[in-house]
Amino acid sequence: MTRSILLVEDDENDVLVMKMALEKVGLTGLIRMATDGREAQDYLSGSGIFADRHEYPLPYLILLDLKLPRVMGLEVLKWIRERPEFDSTIVLILSSSSMPEDIQGAYRLRANGYLVKPHTLENLQLMTQAIKGFWFIHNQPSLASR
């Protein structure tokens, strides 16, 4: 797969297991990282070291945690959705929270999906397989995101 994924996650363990799960289902192409909300905004806006779009391409899909340092996930989502250049970017919330207000807040800000982090590696692999199947195989992206 050549379409890139931006994983926005501050927990090193979650990053490690998520990258392993994505690689296991064949999404090994371009997985890029941001460890806090401000870094995600910098990445997406091409600020500083992220100006090189060959090295830091705009993502096709963003996996966004809610509880992040500096700028929280819902603020990052709001920031993304305020910019027309990201209208077709897929943003999936990937959070430990199953609180209704977090879920509703994410959908109100036009998240494409809300996923609760699985507690087992097996369930994480099932989830990443579902992400691959739906968003990378069956979904027909707009021309802007190709």
Are the side chain of [X] and the backbone N or O of [Y] linked by a donor-acceptor pair below 3.5 Å?
X   : Y    : answer
E39 : T35  : yes
R32 : L7   : no
T89 : I62  : no
R3  : F136 : yes

request  = Could you please spell out the steps behind the salt bridge (Lys or Arg N to Asp or Glu O under 4.0 Å) verdict for D87 and R81?
outcome  = CA-CA 7 Å; D87 280 352; R81 293 306 186 214; 5.9 Å; no
With rounding to the nearest 0.5 angstrom, report the [atom1] to [atom2] distance, [X] to [Y].
X    : Y    : atom1 : atom2 : answer
L124 : K24  : CG    : NZ    : 11.0 Å
K132 : Q125 : NZ    : CD    : 12.5 Å
I93  : L74  : CD1   : CG    : 6.0 Å
E101 : R108 : CD    : CZ    : 10.0 Å
L126 : I131 : CG    : CD1   : 11.5 Å
I80  : L64  : CD1   : CG    : 6.0 Å

Closest non-hydrogen atom pair between [X] and [Y], with its separation:
X    : Y    : value
G37  : V76  : CA-CG2, 3.5 Å
S4   : P59  : OG-CA, 3.1 Å
R53  : G46  : NH2-N, 3.0 Å
G133 : H138 : O-CD2, 2.8 Å

ask   = Any side-chain donor-acceptor pair under 3.5 Å between S97 and S95?
value = no
Side chains of [X] and [Y]: closer than 4.5 Å at any heavy-atom pair?
X    : Y    : value
L63  : M18  : yes
I49  : Y56  : yes
Y114 : N112 : no
K117 : D65  : yes

message = Ring-plane angle category for Y43 and F50, please: parallel below 30°, perpendicular beyond 60°, tilted otherwise.
response = tilted
request  = Pick out which of L16, D11, D10 makes a side-chain contact (heavy atoms from CB on, under 4.5 Å) with D14.
outcome  = D11
query = Considering the options V25, L22, L27, which one meets the side-chain contact (heavy atoms from CB on, under 4.5 Å) requirement together with Q129?
reply = V25
SB check R38 E75 (cutoff 4.0 Å) = no
query = Do E23 and K19 sit within salt-bridge range, that is, some charged N less than 4.0 Å from a carboxylate O?
reply = no
ask   = Near E12 CD, under 6.0 Å, is it more than 12 heavy atoms from other residues, nucleotides or ligands?
value = no
query = Can you tell me if CD on E122 sees more than 12 non-hydrogen neighbours from other groups inside 6.0 Å?
reply = no
Hey, any chance [X] and [Y] share a hydrophobic cluster, counting ILVMFWY side chains that come within less than 4.5 Å of each other, even indirectly?
X    : Y   : value
I103 : I90 : no
L44  : L30 : no
L66  : W79 : yes
L92  : L68 : no
I5   : M33 : yes

